[in-house]
Protein chains: 2
Amino acid sequence: MSASVTSRALDLLGAFDTDHRALTLSALARRSSLPLATAHRLVGELHRWGALARLDSGEYVIGRRLWDLGLLAPVQAGLRQAASPFLHDLYGATLATVHLAVRDGTEVLYIDRLSGHDSVPVVSKIGSRLPMHATGVGKVLLAYGPEEVLTEVLGNLTRVTAYTITQPARLLDQIRRVRADGYATTGEEMSLGACSVAVPVRGADREVVAALGIVVPDLRRERARLVSALQVAAQGITRTLTSVEWK
Amino acid sequence: MSASVTSRALDLLGAFDTDHRALTLSALARRSSLPLATAHRLVGELHRWGALARLDSGEYVIGRRLWDLGLLAPVQAGLRQAASPFLHDLYGATLATVHLAVRDGTEVLYIDRLSGHDSVPVVSKIGSRLPMHATGVGKVLLAYGPEEVLTEVLGNLTRVTAYTITQPARLLDQIRRVRADGYATTGEEMSLGACSVAVPVRGADREVVAALGIVVPDLRRERARLVSALQVAAQGITRTLTSVEWK
DNA sequence: ACTTGCCTTCCATCCACCGGAAGGTTGGTC
DNA sequence: GACCAACCTTCCGGTGGATGGAAGGCAAGT
């Protein structure tokens, strides 16, 4: 359990997150609980290798080489590649923010996103994680995911906006409806002024591998059109996934 | 110059590249010239931390945590964010493959890409590097980049297809025309059946920070329309870049 | 039964990491 | 200009943890 030298370098990297993209040496040392001199040396090595880059300001940021490496991660690489054209189509047809997400533990992990200038501003980013119970894609993944996950999520419904569903019974009700209808919706449950629709994306064995969602300001009128556009796209993705072999 | 322990872990990571996304432990050890036992321990640490993931087959791949980290890299983060909506617009208007690229050394680095099902198949991927003299975006970046880079590239014009420009004088001639016209074109110089148009993207100080390109099967008729669409998009990106402050 | 190529564990040696301390730099305040 | 605070950088001796050869286990192929 002791801190091996490698893990110290990793702890340093772990000091970076979405709210801390650029850190000074001393901030890095503080955040990773390492003596300054030690951090200095390790950061030097990481920098030399290209894992970290240094801004003019002297702050360190994640370097290009780690970016490269990150792109090699098979975080649903096949899925993303297969989905990409359909996401564009969907965006072209609706001009709304389009999301592709998978489940990561008890959260939703956004693995791709498109949004234009006119789209509703939303919190999600590629790589960000959001609670399942407050997002359209989340509800879909809950409805078609393992029962344990649903149980766990039901026990921890944190409020985000005034419209967030926090009563287990109500969420469960909605989840049942998702299973019946084949799609999920939200109304300002994650951020005000943003509603969403989402459908499941199935893989080669018909199991649900991801969720495809769209965010619009209002879906009272559009719902039917959006659902069918989403379903067409989801089917297209499935077709691509089953035809292309991904070793 | 000696192999510090941290750099060994990094060497291990360096064993991964686009052609080697999944490696067995012994392959990793071989590719990074480390004794198997050492590699075993280091890989174990990286795996525990989440830098590496293990497939069912036993092979290791880049893990989700490194993917996360990579997304934090400011590889033109501001540029990508500013450009994203315009890329979508451009894609919507042309249904062709759209590229956003910057110069990295003497190569072109693609930092964003959109392509649909109907688009011309191309070799570029996000994160991939291609030679400057055989791509539209590359010619643009050559025309507006440092003179030294141009000199170096001129000295090393490797052939890719039958149409690749390999005579320095001819390339220089084209570069001059790019400066005069404000856009560059290619005709099957990188891959057969693919032509491209590209324009420079300027930053806050009017300096060229990136290139925006589009790939089509044929540009005899369309050229004028594509160039103007590209220029509109490039100006939009510049406007966004100058209005949004990127700390 | 033998070979080949993986992965994993062990442990005594030794050297490379550790980190306190000292010194340098920048920038702010009186 | 003198002082202070908060950074960053370099140095170096002692020591504790990384090292990697060796041995053993497992699976597949001959």
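Convention: sequence-line order gives letters A, B, ...; per-chain numbering from 1. Because the structure is a prediction, the values reported are computed rather than measured.
- Following rounding to the nearest Å, B:Leu42 (CG) and C:dC17 (C1') show an atom-to-atom distance of 14 Å.
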Report summary line: Letter by letter from the 5' end, nucleotides 23-30 of chain D scores (B base, S sugar-phosphate only, - none; protein heavy atoms under 4.0 Å) --------
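- Distances shorter than 4.0 Å separate none of the side-chain N or O atoms of B:Thr38 from OP1 or OP2 on D:dT19.
- Within the 4.0 Å cut-off from OP1 or OP2 of C:dG19, at least one side-chain nitrogen or oxygen of A:Arg8 is found.
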If you restrict it to nitrogen or oxygen atoms, what contacts under 3.5 Å exist between nucleotides 22-29 of chain C and the protein, and what is each distance?
none

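- Of the possible polar contacts, none joining the B:Arg202 side chain to the B:Thr238 backbone as a donor-acceptor pair under 3.5 Å is found.
- Contacts of B:Ala37 classified as side chain to side chain contact (heavy atoms under 4.5 Å, CB included), with partners at least two apart in sequence or in another chain: none.
- Interatomic distance, CG of B:Leu130 versus OH of B:Tyr110, reported as 4.5 Å (0.5 Å rounding).
- With rounding to the nearest 0.5 angstrom, the CG atom of B:Leu150 is 12.0 Å from the CG atom of B:Leu141.
- Here the CG-NE2 distance, from A:Leu87 to B:His88, works out to 9.5 Å after rounding to the nearest 0.5 Å.
- At a threshold of 4.5 Å between non-hydrogen side-chain atoms, the residues A:Phe86 and A:Val201 do not count as touching.
- Summary for the helix from C:dA1-D:dT30 to C:dC30-D:dG1: the axes at its two ends, each from 5 pairs, differ by 40° when rounded to the nearest 10 degrees.
- Not one N or O on the side chain of A:Arg113 forms a donor-acceptor pair closer than 3.5 Å with the backbone of A:Ile126.
- Considering CG of A:Leu42 and CG of A:Leu52, their distance stands at 10.5 Å, rounded to 0.5 Å.
- The shortest distance between side-chain heavy atoms of B:His40 and B:Leu25 falls below 4.5 Å.
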Name the pairs: protein N/O against N/O of nucleotides 6-12 of chain D, kept only if under 3.5 Å.
unit_1	atom_1	unit_2	atom_2	d
D:dC8	OP1	A:Leu25	N	3.1
D:dC8	OP2	A:Ser26	N	2.8
D:dC8	OP2	A:Ser26	OG	2.6
D:dT9	OP1	A:Arg54	NH1	3.1

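- A donor-acceptor contact shorter than 3.5 Å is absent between the side chain of A:His47 and the backbone of A:Gly63.
- Looking at residues two or more places apart in sequence or on another chain, you find a side chain to side chain donor-acceptor pair (under 3.5 Å) between B:Asp104 and A:Arg64, B:Arg129.
- No side-chain donor-acceptor contact under 3.5 Å links B:Ser84 to the backbone of B:Arg80.
- In this structure, the side chain of A:Thr164 engages the main chain of A:Thr161 through a donor-acceptor pair within 3.5 Å.
- Summarising the geometry, the separation between CG on A:Leu34 and P on C:dG20 is reported as 12 Å, rounded to the nearest angstrom.
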